[in-house]
Protein chains: 2
Amino acid sequence: MPADAPPASPFSARGSTADIEHGSAFQPKFDADGLIPAIVTDAAKGGVLMFAWMDAQALALTVETGVGHFYSRSRRKLWKKGEESGNVLRVSELMTDCDQDVVWLKAQVEGDGVACHTGAVSCFYRALPLGGPVSSVRLVPATD
Amino acid sequence: MPADAPPASPFSARGSTADIEHGSAFQPKFDADGLIPAIVTDAAKGGVLMFAWMDAQALALTVETGVGHFYSRSRRKLWKKGEESGNVLRVSELMTDCDQDVVWLKAQVEGDGVACHTGAVSCFYRALPLGGPVSSVRLVPATD
């Protein structure tokens with residue numbers, strides 16, 4: 001985990017709540033494992049493509065290069081999305097939230113346009129019907 | 001935290017990778033704190049409104065009622081979004097991802113249509129310009 005050998009963060013220290021919520025300084029909050037959640041949506045169509053985690057290095061590389069980098073919790077290392085598959089994420093916009101503890105990337109998937117390791121365009125290819133008892137829920141194909 | 005007094009989960013135990021990725025059984029993965037990340041997008045416009053966490057109870061209530069429920073990590077309790085503000089999330093679709101360790105809600109914000117506690121429609125109201133050294137990044141208003 002990043003906590004074993006934390007690199008020096010290139011980001012600002014956290015300020016007051018007012019600074020964090022309304023300031024222009026980027027003061028991202030990383031969790032106890034040194035990670036921040038990253039939501040990736042399709043820059044053209046708008047749907048959620050994937051969800052992953054970034055450490056400070058991955059976030060800095062994403063901001064500086066405009067290419068999606070993450071931290072693989074299973075492989076415990078930096079992960080340039082698409083490095084093997086060719087499905088690189090070309091980021092057009094990067095937002096953070098009120099608390100600066102999440103980032104949202106609008107991106108185009110290069111290569112064959114597939115974001116999910118299963119071969120699906122989006123990782124979110126199954127939906128849950130709503131309104132019934134959760135114990136009997138069965139997943140169905142998502143509509144989009 | 002939920003781990004202090006874990007309620008019996010109404011959800012199925014995790015199966016094989018094939019079951020998780022391709023089956024119709026809903027087998028959500030909660031983290032060590034008993035939580036799963038939840039992305040909320042605007043059902044009409046498609047942008048990300050907020051990001052929060054659910055425990056098993058919040059997820060079950062969301063599925064069964066179609067109203068967004070979460071777990072407040074700061075208050076350490078169930079949080080029905082909009083219970084005080086009136087800005088309830090009416091969920092129209094709920095998806096899970098390949099690993100079943102994230103959920104995505106498409107929702108309409110009732111009341112005054114504001115999802116963020118700061119009064120912004122979306123929590124993601126600031127963007128980071130891309131391509132420069134991260135040490136000099138200044139947040140700017142998001143375009144959407």
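Below, chain A is the first sequence line, B the second, and so on; all start at residue 1. Predicted model, so just to flag it, every value in this text is computed and none were measured.
Using a 4.5 Å cut-off between heavy atoms, T96(A) contacts chain B through both its backbone and its side chain. For chain B, the nearby parts of Y125(A) are the backbone and the side chain; heavy atoms of each come within less than 4.5 Å. Using a 4.5 Å cut-off between heavy atoms, V91(B) touches chain A through backbone and side chain atoms alike. Using a 4.5 Å cut-off between heavy atoms, T62(B) contacts chain A through its backbone alone, with no side-chain atom that close. F51(B) touches chain A through its side chain: at least one heavy atom from C-beta onward sits under 4.5 Å away, while N, CA, C and O do not. Only the side chain of P37(B) comes within contact range of chain A, with heavy atoms under 4.5 Å apart.
Nearest heavy-atom pair across E64(B) and V134(A) is OE2-N, 2.7 Å. Residues E93(B) and L130(A) approach most closely at N-CD1, 4.3 Å, considering heavy atoms. Contact record, D97(B) with R126(A): O-NH2, 3.2 Å, taken as the closest heavy-atom pair. Considering all non-hydrogen atoms of both residues, P129(A) and V63(B) come closest at O-CG1, 4.0 Å.
Put simply, V103(B) and V40(A) are part of two different groups of oily side chains (I, L, V, M, F, W, Y) that touch within less than 4.5 Å, one to the next. Under the 4.5 Å side-chain heavy-atom criterion for ILVMFWY residues, a single connected hydrophobic cluster contains both M95(B) and W53(B). L59(B) and L49(B) fall within the same hydrophobic cluster, defined by Ile, Leu, Val, Met, Phe, Trp and Tyr side-chain heavy atoms under 4.5 Å apart, directly or through other members. W79(B) and L105(B) fall within the same hydrophobic cluster, defined by Ile, Leu, Val, Met, Phe, Trp and Tyr side-chain heavy atoms under 4.5 Å apart, directly or through other members. Both F11(A) and M54(A) sit in one connected hydrophobic cluster of ILVMFWY residues. Membership requires side-chain heavy atoms under 4.5 Å apart, directly or through other members.
The closest side-chain heavy-atom distance from I39(A) to W104(B) is not below 4.5 Å. Looking at C98(B) and C116(A), their side chains come closer than 4.5 Å, going by heavy atoms from C-beta outward. Side-chain contact between Q100(A) and L139(B): present, with at least one pair of heavy atoms (C-beta onward) separated by less than 4.5 Å.
By a heavy-atom distance cut of under 4.5 Å, D19(B), I20(B), E21(B), H22(B), G23(B), S24(B), A25(B), F26(B) are the residues of residues 15-27 of chain B near chain A, going up by number.
The residue among T41(A), T118(A), V48(A) with the most heavy atom pairs within less than 4.5 Å of chain B is V48(A). When T65(B), V102(B), V137(B) are compared by the number of non-hydrogen pairs under 4.5 Å with chain A, V102(B) comes out ahead. Among the candidates G132(B), G46(B), G66(B), S12(B), the residue making the largest number of heavy-atom pairs closer than 4.5 Å to chain A is G132(B). Looking only at heavy-atom pairs under 4.5 Å with chain A, the residue among G131(B), S92(B), S135(B) that has the most is G131(B).
Rounded to the nearest 0.5 angstrom, D101(A) CG and R73(B) CZ are separated by 6.5 Å.
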